[in-house]
*Asks:* 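Could you have a look at this structure, given as structure tokens, before my questions?
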Number of protein chains: 2
Amino acid sequence: MNKTNNASYTSWITVPAGHDFPIQNLPYGIIKTAAKARVASRIGDNTIDMLALFELGYLSDIKGITRDIFDSPYLNDFIASEKEITRAIRQSMFDLFESSNSRLRENPIHRDKILIPIDKVEMLLPVKIGDYTDFYSSIEHATNVGMMFRDPENALFPNWKHLPVGYHGRSSSIVVSGTNIHRPKGQIKPNDAEKPVFSASRLLDFELEMAFITSKGNPLGEPIPIEKTEDYIFGMVLFNDLSARDIQKWEYVPLGPFLGKNFGSVISPWVVTMDALEPFRTNGPKQEPEVLPYLKSEGARNYDINLEVFLQPESKEPFKLCHSNFKYMYWNMNQQLAHQTVNGCNVNVGDMYASGTISGPTPDSYGSMLELSWQGTKTIIAPDGTERKFIADNDTVIIKGYAEKNDLRIGFGEAVTKILPAK
Amino acid sequence: MNKTNNASYTSWITVPAGHDFPIQNLPYGIIKTAAKARVASRIGDNTIDMLALFELGYLSDIKGITRDIFDSPYLNDFIASEKEITRAIRQSMFDLFESSNSRLRENPIHRDKILIPIDKVEMLLPVKIGDYTDFYSSIEHATNVGMMFRDPENALFPNWKHLPVGYHGRSSSIVVSGTNIHRPKGQIKPNDAEKPVFSASRLLDFELEMAFITSKGNPLGEPIPIEKTEDYIFGMVLFNDLSARDIQKWEYVPLGPFLGKNFGSVISPWVVTMDALEPFRTNGPKQEPEVLPYLKSEGARNYDINLEVFLQPESKEPFKLCHSNFKYMYWNMNQQLAHQTVNGCNVNVGDMYASGTISGPTPDSYGSMLELSWQGTKTIIAPDGTERKFIADNDTVIIKGYAEKNDLRIGFGEAVTKILPAK
């Protein structure tokens with residue numbers, strides 16, 4: 001185990017027990033103060049201004065980095081650095097903030113320049129997103145949807161176990177946690193109506209997902225072999241793929257989801273690196289039938305990451321809707337990226353690849369209201385006595401995620417959005 | 001009629017009869033010479049270096065423009081200028097190159113700096129594409145596909161006449177004319193096979209499309225009303241949406257096309273402005289049943305643009321595969337953009353919105369091999385005696401487009417790509 005993944009190290013920055021951001025995490029994000037936007041990391045409730053860190057000479061041992069990769073409103077140039085560089089930066093920060101290191105700890109002037117409390121900064125969208133793909137890689141979710149809308153005996157389409165089904169989504173409407181979204185309007189066709197009507201969506205849903213971000217591109221025409229895919233994946237965020245089920249149902253045949261999805265997707269602001277998640281690798285489900293050679297991956301390619309969704313009615317306390325785990329994914333990220341590029345499709349730095357709804361095997365692990373209310377046939381009763389089948393106006397949806405093993409806990413923070421009434 | 005659309009004006013730059021780029025066109029593109037990439041326009045076979053035009057003071061009458069909008073490898077900042085500014089630039093260039101104007105004509109030093117022959121420049125992708133949507137707006141095409149794959153009696157899906165069906169595509173793999181594309185590999189499932197196989201696509205196709213480019217964005221949550229949509233549309237290009245029919249067929253259920261489309265789409269390098277196309281407005285097909293109010297558009301919202309596709313076998317002359325017209329589109333661009341944003345989806349400067357395959361009413365106007373060969377049941381015989389049902393290796397596909405009325409001809413040039421064998 002790498003030192004930076006070893007739970008026995010602590011930081012001289014206070015980190016409360018059970019916090020998402022211990023010294024072993026060191027996620028990356030974009031902070032903004034009155035001054036401007038720049039690249040940051042985080043330990044506990046302090047953000048680390050990495051532009052200040054660079055300017056004050058704390059990264060001077062690392063060859064090949066320049067000021068401009070930190071002086072940016074997006075992580076793209078920073079994450080596009082070679083992995084050996086970003087790993088050296090991670091190691092440097094780890095050493096600098098480790099309890100026994102007095103260099104910055106005993107320099108209050110520098111400390112005040114570098115450490116900014118989380119409540120003093122605005123968090124921005126971490127990456128300039130090029131293309132965005134949404135996969136459909138949870139077998140439990142795909143099976144649930146198939147049982148509801150198709151045939152309980154043949155819930156999965158014939159292609160599902162042969163390839164990671166996915167589609168292109170809209171990158172412009174991916175927003176950072178804390179951005180509120182108006183209930184979308186659009187065409188819906190009630191079952192008893194002859195024609196579609198124009199209406200605010202009546203079946204607004206969340207989808208519990210995670211997404212990975214690429215930090216390296218391939219030229220058009222040159223697939224990324226599966227054994228090289230990990231070189232291209234920098235880190236992950238929580239992802240809420242808001243969905244208007246009624247708009248989607250009417251529009252999606254034959255070319256897939258469009259306006260039912262592209263009115264807003266919400267991500268957590270901190271990109272947690274694959275380096276920080278390394279201790280949480282685990283095996284995925286057995287794939288049967290055997291996959292084609294270009295999709296064969298060996299070893300532990302899934303990650304054990306606990307996921308939770310809370311719903312907070314207006315002026316009330318949040319209550320838990322479900323808990324799931326990223327390890328349930330049938331198709332892993334390596335397979336997704338190998339599939340995405342097998343036809344020669346090129347990926348770029350800052351692309352986002354979402355998992356699809358991550359449901360688990362039990363009803364309390366289903367990652368959408370569609371499944372939790374089983375297409376509106378069941379009612380979810382909130383602690384305040386109000387009832388839900390889908391999301392109500394002024395409900396806040398909160399996704400949380402964390403990995404935990406022995407004494408090490410690496411968290412993602414939250415992806416939060418409040419649904420405002422239709423305009 | 002605006003002077004810049006008046007066919008009676010000519011330029012002192014030689015423009016052969018029937019050329020795509022008379023003085024009334026003035027399209028925009030990105031040229032590159034040994035020096036670097038910058039914004040350009042074109043008359044006849046001369047490109048107009050607009051950075052040089054600006055630096056030499058020929059645009060000094062126009063308030064609110066700065067050097068950097070021309071000193072860029074993408075048109076985005078230039079087209080993001082207010083329409084009154086880009087129109088003033090169009091008017092200035094028209095005046096400067098109009099036959100009677102001696103200012104630049106009689107200044108050989110400046111002329112040599114500003115006018116660069118087309119064969120001395122490399123044409124780059126004109127815009128940095130944010131998001132890309134592909135619509136499905138030709139009723140003839142949708143009907144043909146529905147007849148082949150569904151039910152000749154119910155060829156159109158129930159939603160088709162109520163909304164412009166569309167889906168998100170991959171922007172990273174949109175390339176400029178002249179870029180050659182390798183035949184993609186992927187999963188296909190032969191009809192007689194139990195399982196999919198990994199293979200080079202056997203049913204590679206072109207799709208004859210056009211695309212419009214947005215030059216203004218709307219905030220997330222604020223739809224663009226249909227009567228305002230023309231303020232957001234800057235110009236158009238030819239678009240070849242290459243499609244691997246066998247990959248597409250196996251993968252696309254239930255979430256739409258993915259690897260069957262994203263291995264490469266080819267556009268023409270010159271963005272022809274809506275200002276240049278103004279004289280070619282025409283009425284679209286009658287829409288019955290009546291569309292919902294947010295999709296109602298009045299007046300002539302289609303454009304009469306002739307489209308042709310040629311196929312050139314290796315080392316042979318090109319022959320015409322089909323000719324169609326953009327005026328056949330059932331859904332116009334205003335309706336497409338109003339629909340794209342009606343749920344609050346935000347668009348950005350440089351987004352691309354393709355029409356979907358533009359087929360006409362007769363078999364010689366079908367815009368894809370799928371339709372021309374009627375799903376492989378008919379054979380297309382090339383002048384060299386070789387036969388095609390789909391595209392063969394080393395075939396070059398050439399899309400051309402032009403509008404013509406009285407003495408005015410506004411062309412698009414070409415979108416050309418050669419299909420190289422699978423790697």
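In the text below, chain A, chain B and the rest are named by the order of the sequence lines, each starting its count at 1.
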*Asks:* Which of these passes side-chain contact (heavy atoms from CB on, under 4.5 Å) with Leu255(B): Asp134(A), Leu255(A), Val165(A)?
*Replies:* Val165(A)
*Asks:* So, do Lys423(B) and Glu222(A) sit near enough that their side-chain heavy atoms are less than 4.5 Å apart?
*Replies:* yes
*Asks:* Pick one of side chain, backbone, both or neither for Ser201(A), based on which atoms fall under 4.5 Å of a heavy atom in chain B.
*Replies:* neither
*Asks:* What part of Pro223(A) lies closer than 4.5 angstrom to a heavy atom of chain B: side chain, backbone, both or neither?
*Replies:* neither
*Asks:* Could you label the plane-to-plane angle of the Phe135(B) and Phe258(A) rings as parallel, tilted or perpendicular, counting under 30° as parallel and over 60° as perpendicular?
*Replies:* perpendicular
*Asks:* Can you tell which of Ser173(B), Gly186(B), Pro293(B) has the highest number of heavy-atom pairs within less than 4.5 Å of chain A?
*Replies:* Ser173(B)
*Asks:* Would you say that more than 12 heavy atoms from the other residues, nucleotides or ligands in this model lie under 6.0 Å from the CD of Glu290(A), or not?
*Replies:* no
*Asks:* Tell me, with the steps shown, if Gln187(B) and Val291(A) meet side-chain contact (heavy atoms from CB on, under 4.5 Å).
*Replies:* CA-CA 11 Å; Gln187(B) 287 195 28; Val291(A) 299; over 6 Å; no
*Asks:* Mark yes when over 12 heavy atoms from residues, nucleotides or ligands other than Tyr232(B) sit less than 6.0 Å from its OH; otherwise mark no.
*Replies:* yes
*Asks:* Between Asn348(A) and Ser172(B), is any side-chain donor less than 3.5 angstrom from a side-chain acceptor?
*Replies:* no
*Asks:* Taking all heavy atoms of Arg170(B) and all of Cys345(A), pick out the closest pair and write down the distance.
*Replies:* NE-SG, 3.5 Å
*Asks:* Nearest 0.5 Å, please: how far is NE2 in His182(A) from CG in Leu220(B)?
*Replies:* 9.0 Å
*Asks:* Name the region of His162(A), side chain, backbone, both or neither, that has any atom closer than 4.5 Å to a heavy atom of chain B.
*Replies:* both
*Asks:* Tell me, out of Ile129(B), Leu163(B), Thr133(B), who's got the most heavy-atom pairs with chain A below 4.5 Å.
*Replies:* Leu163(B)
*Asks:* Output the distance between atom NZ (Lys161(B)) and atom NZ (Lys195(A)), rounded to the nearest 0.5 Å.
*Replies:* 12.0 Å
*Asks:* Give, as side chain, backbone, both or neither, the part of Ile181(A) having an atom under 4.5 angstrom from any heavy atom of chain B.
*Replies:* side chain
*Asks:* Ring centroid separation for Phe198(A) and Tyr294(B), is it under 6.0 angstrom?
*Replies:* yes
*Asks:* If you take all heavy atoms of His339(B) and Leu259(A), which pair is closest and at what distance?
*Replies:* O-CD1, 3.0 Å
*Asks:* Heavy atoms only: give me the nearest Tyr136(A)-Pro254(B) pair and the separation to one decimal.
*Replies:* CE2-CG, 4.4 Å
*Asks:* Taking the side chain as C-beta and beyond, is there a heavy-atom pair between Gln340(B) and Asn262(A) under 4.5 Å?
*Replies:* yes
*Asks:* Looking only at non-hydrogen atoms, find the nearest pair between Asn343(B) and Pro184(A) and report the distance.
*Replies:* O-CB, 3.6 Å
*Asks:* When you look at NZ of Lys128(A), are more than 12 heavy atoms from neighbouring residues, nucleotides or ligands closer to it than 6.0 Å?
*Replies:* no
*Asks:* Of all heavy-atom pairs between Asn159(B) and Glu251(A), which one has the smallest distance, and what is that distance?
*Replies:* ND2-O, 3.4 Å
*Asks:* Taking C-beta and beyond as the side chain, do Pro257(A) and Tyr167(B) meet within less than 4.5 Å on heavy atoms?
*Replies:* no
*Asks:* Do we see a donor-acceptor contact under 3.5 Å between the side chains of Asp131(A) and Ser171(B)?
*Replies:* yes
*Asks:* Non-hydrogen atoms of chain B under 4.5 Å away: do they reach the side chain of Val197(A), the backbone, both or neither?
*Replies:* backbone
